[in-house]
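A short write-up of the structure that comes next.
Naming convention: chains lettered A, B, ... in sequence-line order (proteins, then strands); numbering from 1 in each chain.
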Amino acid sequence: MSVKYREHKGLNLPNVAKEVLEKWKLENTFEESVNTRDENKPFVFFEGPPSANGMPGIHHVMGRAIKDIFCRYKTLKGYRVERKAGWDTHGLPVELSVEKELGITKEDIGSKITIEEYNAACKKTVMKYTDVWNKLTEDMGYWVDMSDPYITYENKYIESVWWLLKEIYNKDLMYKGYTIQPYSPKAGTGLSSHEINQPGCYQDVTDTTVVAQFKANTNDVLPENTYFLAWTTTPWTLPSNTALCVGPKIEYVLVKTFNQYTGDSVNLVLAKALIGKQLSGKYVLANEDLTIEDFSLGDKKIPYAVEKEFLGSDLVGVTYEQLLPYALPHENPEKAFQVISGNFVTTEDGTGIVHIAPTFGQDDAQVAKDFGIPPMLVLDENENPVPLINLQGKFRPEMDEFAGLYVKNEYYKDGDAPDKSVDVLIAIKLKEENKAFKVEKYVHSYPHCWRTDKPILYYPLDSWFIKISEVKSRMAEINKTINWKPKATGEGRFGNWLEGANDWNLSRSRFWGIPIPIWRTEDGTEQICIGSAEELKNECQKAVEAGLMDNNPLASFEVGNMDKSNYETFDFHKNYVDAIILVSPNGKPMKREADLIDVWFDSGSMPIAQRHYPFENQELVDNKGFGQADFIAEGVDQTRGWFYTLHAIASIVFDRPAYKNVISNGLVLDKNGVKMSKRLGNAVEPFENLSTYGADATRWYMITNAQPWDNLKFDLDGITEVQRKFFGTLYNTYGFFALYANVDGFSYSEEEVPLNKRPEIDRWVISKLNSLIQDVEEAYEIYEPTKAGRLIQGFVTDQMSNWYVRLCRRRFWRGDYTEDKIAAYQTLYTCLETVSILSSPIAPFYADQLFNDLNQVSKRHSEKSVHLTNFPIVDKNAIDKDLEERMSIAQKVSSMVLSLRKKENIKVRQPLQKIMVPVLDQDFARRIEAVKDLILSEVNVKELELLEDTAGVLVKKIKPNFKTIGKKYGKHMKAIIAITNQWSQDDIILLDKNNGWTGEIEGDPIALEMEDFEISTDDIPGWLVATEGNYTVALDETISSALKNEGIAREFVNRIQNLRKESGLEVTDRIQLQIKSDDKINLAINDNLNYICSETLANSLDLVEKIQGEKVVFEVENGVSAELVLSKV
RNA sequence: AGUCCCUUAGCUCAGUUGGUUAGAGCGCUACACUGAUAAUGUAGAGGUCCGCAGUUCAAAUCUGCGAGGGACUACCA
């Protein structure tokens, strides 16, 4: 026996991780775990690309632990799980951090710094923290191939993205439209919401506001001369009005009164809640002194009277006359000028009716679109639809007397501004035409361009869209085939989102990203979408031949050559491709559309772009399923991010789901449930955490504490608990095993002791173990890691450690190396080894160490790591539910006896004579008989007596079985309970005799059988009794003198064992004992001499009058102390 | 504003198809057990199962309304 089980000095999980990590590196364990698996049995996993320009947080540990668990699990199941890492490299955060770094702004790009230089800086910055990320990956034990990651800025990647986009383009699912965006006419550029939110952008300004009167077309509800009142702070948008919006649930009134400027009699519609606000000042409610008829223009008071009330929904569909008829929408003008409804309408200010100008407001555009209301777009000289205001911020020619005027005076050069702004002119015009109810100055906060300091407009700007609206029903259908964890996220949040999905706005007016590969003629009549480098090269060639370009920028690119170097001969980024001018079929020059693609399209393309499909890896993607993930996992915040874009692209292009199983995990909050942020200082630093507690404890805590999709309240005390409770117990169980297996030289070299030759407790724990394998496998299979972890933890702490080992201790450390002992070793070994495999996906480091500690001696596996083994196969024959039930009885009964002892203050060390258990059915009798010895030894009692109720001494209790009776006689349940509650002991005996009960309740015949009742014993008169559920136990508490002495002997054994331990003796050392003679204990010792000696490995025990050597004094029981000397032989 | 999720002991969480007295761990108190244990056992204290209404013989569980918390979307992640 040369190799021994490693005996560790204390459990240090961070060190374990370090040691195992070294081993993995040395042995290439990760590569092995992939390469040794069957190539034809792939399990496809997609790694969502993190952005490496920010530091990782503790939530990344959570997300990656989930990914890792299932990849490792599937590996154990024999799948080949390749995991290609990736980096998300484009997008606004990168650009912002570069701008900050260089001290420049978006405006400087192209002037102070070239786009080329700027993009180079972005490229450099984006990978700033790769090392940190790689370290986190390693430290937390996340296995992913970092050696060859996909990077979204690489030309190969972009080429695949372009290919996808062209596929979508070819399906006629792309179009150029517009969205309403903040726009600065002075700067001539759109602004991002980020720019709008910069401090100082919102400034208080005084604007001319108008409450306009929109004349309703008469109908059943509304009389002649009825006007809708709508308030606006931007009168310049009134010519572009195409609808009015009411709140469907808001109450409106019809008010009869007069226009203060013209004196005309008018009927006004406005929200009831705003009468006071609008009809104030001059306006007074008509009364006896001032009737409606009395008014004439010039009077100081204007009477009004409320005529009618209605709900907003009643007004929907009513049409009205255009307020300022300069132009009509070029499309569907007949649908314009009607009342629609929207939930965003409030009665906080204004009139409760909102003027809608779809071309100049985001909400406006949305609500108009929902109701099919056309925006005020007219056709320009080139037949392109444009709004009534041009890009300089001036009214178009259609606006007659207003044509050419800036809509805001601020846009004029200093000194050039007219006295009266457009807003004022419009207000005057409306007043004169009986179209203005009220004109007022109003101070409000309005966004300004941070660069020019001029007010911005919300303006329709060109964007490219994917027609999601056309494919969303198919997307919803495909979504139904995806297994979402949790289900509700897929069906609810994601499903609903799909149903209501808007077209996908792809355009981003930034610099660092994938350019939209569309080239277009100036008049927009011809365009081309480029889908590959080859195509671009060919098109460039045509352009060169047409004389539009001097040379072909892709001249040195060799078509079909997939070498990296070949793909570095050009650059697909904006700085490069914007210089390319292509030629249209009609010979016109085509320029690239200036925008970039939404970065979400980048990451959504990764299933194929990571493999440069279809230019490379066609076989893998087309025939081996690598274009479709078996499994992905990300945070729930990705529902409308990555999950969505993956799904959209795969659905549109391939008509299949991008992933079959998906876990969307919740957030990691601090222990008070507050989101972690640097600002609050409550963020947990992942590296510090990992080095303090170790990856295993952190991962185990995260996974077992809450379901992944619930938010995790991250509490360090929780990790400590896991460390102590789960890993501590597992470690100690192994330590116990190793200690004695080394003493006995157990190396699992003996023949396996057949199950039927092993004792009941061995078969029990093996049965439990196999149940565990089955349950854990199922939990992993349905992507429930929390369940798996909790099951394993329960087995380790409750079954294996606190029951099996506890009850079997003496089998390990007493007696010869018999078959029983070998069985015990084999059993415990099997448990430990199986646990190491089952828990390895969650706790990869510790599990590997445990596995190797065991395997190093036994050599049962040829694999050098637990992660290279196979998931254990359930031995269904070993599962014996009856046995598990029996043991559960033993556990319960033991616990009850211990509780009785406690109640009577009798130490467990004091043996007692007898317990009695009433049995009411033979099944129970058989079961408890089988585990009798275990119970007796656990509770330190000599006999167990089964009490059959022959004499009728047992007091019985009866409980109706609600489940079975409820089904039959639900209505009479209460009556039945009332009856059975009154039954006496005799009634219960009678029930037994008659094998049921029949009767009548409210005229209905009732027939109850024995299975409708549960009969249990309540009490055994004259005994100390504990009852729990259906079990009852009685304890004989008389202590005879023999028992008393045995108790004293056990007390001695306990003290001597403790002494041995304290003196640092090895478990195998033999000792000799001297005890000072004392009448009170002599008998107890002499009667149990053999017992004491064999328990404590004492060669001799002498009772002496005077003891020699260093004595120890202790109290045996109240008032009796003993003196003892222990010496090593 | 919309969509979705969550709410059970001081804390973290279980709670099967509705069914008997709603559980576990941590923490607290006391006592015990232990030649594996950083463990463990027993007992005690601790509950308006967020609220209201409904369905039902029976609701933590199903339905509706509401409250509180959270996430996402409201255009350049």
Side-chain angles (χ1 to χ4, degrees), chain A residues 10-11 51 88 90-95 179-181 190 192-195 342-344 346 362-363 366 463 486 488-489 492-494 496-497 500 502 505 507-510 513 595-596 598-600 603 635-641 666-667 669 671 673 675 704-707 709-711 713 715 717-718 720-721 723-725 727-729 731-740 790 794 797 801-802 805-806 809 812-813 894-895 898-903 905 907-909 959-966 969-977 1014 1054 1056-1058 1060-1061 1065 1067 1095-1096:
Chain A
L11 173 65
S51 188
D88 187 19
H90 289 137
L92 191 67
V94 185
E95 295 202 33
T179 51
I180 308 301
Q181 300 172 45
S192 67
S193 65
H194 169 259
E195 285 169 297
N343 289 320
F344 61 89
T346 69
Q362 296 180 357
D363 275 342
Q366 190 55 52
S463 289
T489 300
R493 185 191 279 221
F494 194 68
N496 293 348
W497 166 253
N502 292 324
N505 180 5
S507 295
R508 299 292 183 266
S509 42
R510 300 291 315 188
D595 285 337
L596 302 181
D598 178 7
V599 290
W600 285 111
S603 48
V636 68
D637 50 334
Q638 296 295 336
T639 314
R640 283 148 196 189
L667 302 174
L669 309 170
K671 67 174 181 177
K675 201 175 176 181
T704 57
N705 187 62
Q707 302 269 31
W709 32 89
D710 289 335
N711 290 345
K713 289 181 190 159
D715 186 359
D717 291 343
T720 321
E721 193 184 322
Q723 209 174 16
R724 262 190 344 204
K725 217 174 146 59
F727 290 100
T729 306
Y731 161 83
N732 285 319
T733 307
Y734 167 78
F736 170 84
F737 168 82
L739 180 67
Y740 291 106
R790 284 175 179 170
T797 60
S801 170
N802 283 319
V805 174
R806 210 167 119 90
R809 261 172 309 187
F812 291 90
W813 50 268
S894 299
S895 150
L898 291 173
S899 125
L900 282 174
R901 277 179 171 276
K902 163 69 196 152
K903 226 175 252 168
N905 252 325
K907 286 182 176 181
V908 179
R909 225 177 270 135
K959 248 188 282 176
N961 184 338
F962 282 63
K963 241 180 182 168
T964 58
I965 301 176
Y969 305 110
K971 273 188 221 163
H972 302 302
M973 205 66 199
K974 275 183 186 149
I976 292 172
I977 295 166
E1014 276 174 20
N1054 170 251
I1056 294 163
Q1057 298 288 41
N1058 283 343
R1060 284 182 59 115
K1061 196 179 181 183
L1065 296 183
V1067 279
E1095 285 293 310
T1096 61

If the [atom1] atom of [N] is compared with that of [M], how far apart are they to the nearest Å?
N: B:C4; M: B:A60; atom1: C1'; answer: 22 Å
N: B:G25; M: B:G15; atom1: C1'; answer: 15 Å
N: B:U21; M: B:U3; atom1: P; answer: 40 Å
N: B:A59; M: B:A45; atom1: C1'; answer: 28 Å
N: B:G64; M: B:A1; atom1: C1'; answer: 23 Å
N: B:G27; M: B:U73; atom1: P; answer: 40 Å
N: B:C65; M: B:C26; atom1: C1'; answer: 37 Å
N: B:U17; M: B:A58; atom1: C1'; answer: 15 Å

For A:Asp595, the side-chain hydrogen bond (donor to acceptor under 3.5 Å, both in side chains) test, sequence neighbours excluded, returns A:Ser507
By side-chain hydrogen bond (donor to acceptor under 3.5 Å, both in side chains), A:Arg806 pairs with (sequence neighbours left out) A:Glu938
task = Take A:His90 and A:Arg790, find for each the nucleotide of RNA chain B with the closest heavy atom, and name the residue whose nucleotide sits nearer the 5' end.
result =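 Nearest nucleotide further toward 5': that of A:Arg790.
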Closest to the 5' end of RNA chain B, once A:Glu721 and A:Arg508 are matched to their nearest nucleotides, is A:Glu721
Counting any heavy atom closer than 4.0 Å, what does A:Asn505 reach on the DNA or RNA strands: base, sugar-phosphate only, or nothing? base
>> So A:Ser507, base contact, sugar-phosphate only, or nothing? Heavy-atom distance under 4.0 Å.
In response: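 Base contact - A:Ser507 has a heavy atom under 4.0 Å of at least one base atom.
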Contacts of A:Glu721 meeting side chain to side chain contact (heavy atoms under 4.5 Å, CB included) (sequence neighbours excluded), chain-then-number -> A:Arg724, A:Lys725
Just how far, in rounded Å, is [atom2] of [N] from [atom1] of [X]?
X: A:Leu596; N: B:C76; atom1: CG; atom2: P; answer: 14 Å
X: A:Asp715; N: B:C13; atom1: CG; atom2: P; answer: 10 Å
X: A:Asp710; N: B:G15; atom1: CG; atom2: C1'; answer: 14 Å

One should read off an interatomic distance between A:Tyr734 OH and A:Tyr731 OH, to the nearest 0.5 angstrom, of 9.5 Å
ask   = Just how far is it from atom CG of A:Asn732 to atom CG of A:Leu739, taken to the nearest 0.5 Å?
value =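 So the CG of A:Asn732 and the CG of A:Leu739 are separated by 11.5 Å.
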Residues A:Asn505 and A:Ser463: closest non-hydrogen pair is OD1-CB, 3.3 Å
Closest non-hydrogen contact found for A:Asn802 with A:Thr797 is ND2-O, 2.9 Å
query: Using Watson-Crick pairs (N1 to N3, plus N6-O4 or O6-N4) and G-U wobble pairs, both distances under 3.5 Å, which stems of at least 3 pairs involve RNA chain B?
result: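 Result, WC/G-U stems under 3.5 Å: B:1-7 with B:67-73, B:10-13 with B:23-26, B:28-32 with B:40-44, B:50-54 with B:62-66.
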Which of A:Phe736, A:Tyr740, A:Phe737 passes ring pair (Phe, Tyr, Trp, His ring centres under 6.0 Å) with A:Phe812? It is A:Phe736
Notebook entry, point to check: Got a sec, which residues hit salt bridge (Lys or Arg N to Asp or Glu O under 4.0 Å) with A:Arg809, two or more places apart in sequence or on another chain?
Noted result: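 With sequence neighbours excluded, A:Arg809 shows a salt bridge (Lys or Arg N to Asp or Glu O under 4.0 Å) to no residue whatsoever.
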Whether A:Arg790 side chain and A:Thr704 backbone form a donor-acceptor pair below 3.5 Å:
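Yes.
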Write down the protein N/O and nucleotide N/O pairs, taken from nucleotides 36-38 of chain B, whose separation is under 3.5 Å; answer none if there are no such pairs.
unit_1 : atom_1 : unit_2    : atom_2 : d
B:A36  : N6     : A:Ser801  : O      : 3.2
B:A36  : N1     : A:Ser801  : OG     : 3.1
B:A36  : N3     : A:Asn732  : O      : 3.3
B:U37  : OP1    : A:Lys1061 : NZ     : 2.8
B:U37  : OP2    : A:Lys1061 : NZ     : 3.1
B:U37  : O2'    : A:Asn732  : ND2    : 3.0
B:A38  : N6     : A:Leu11   : N      : 2.9

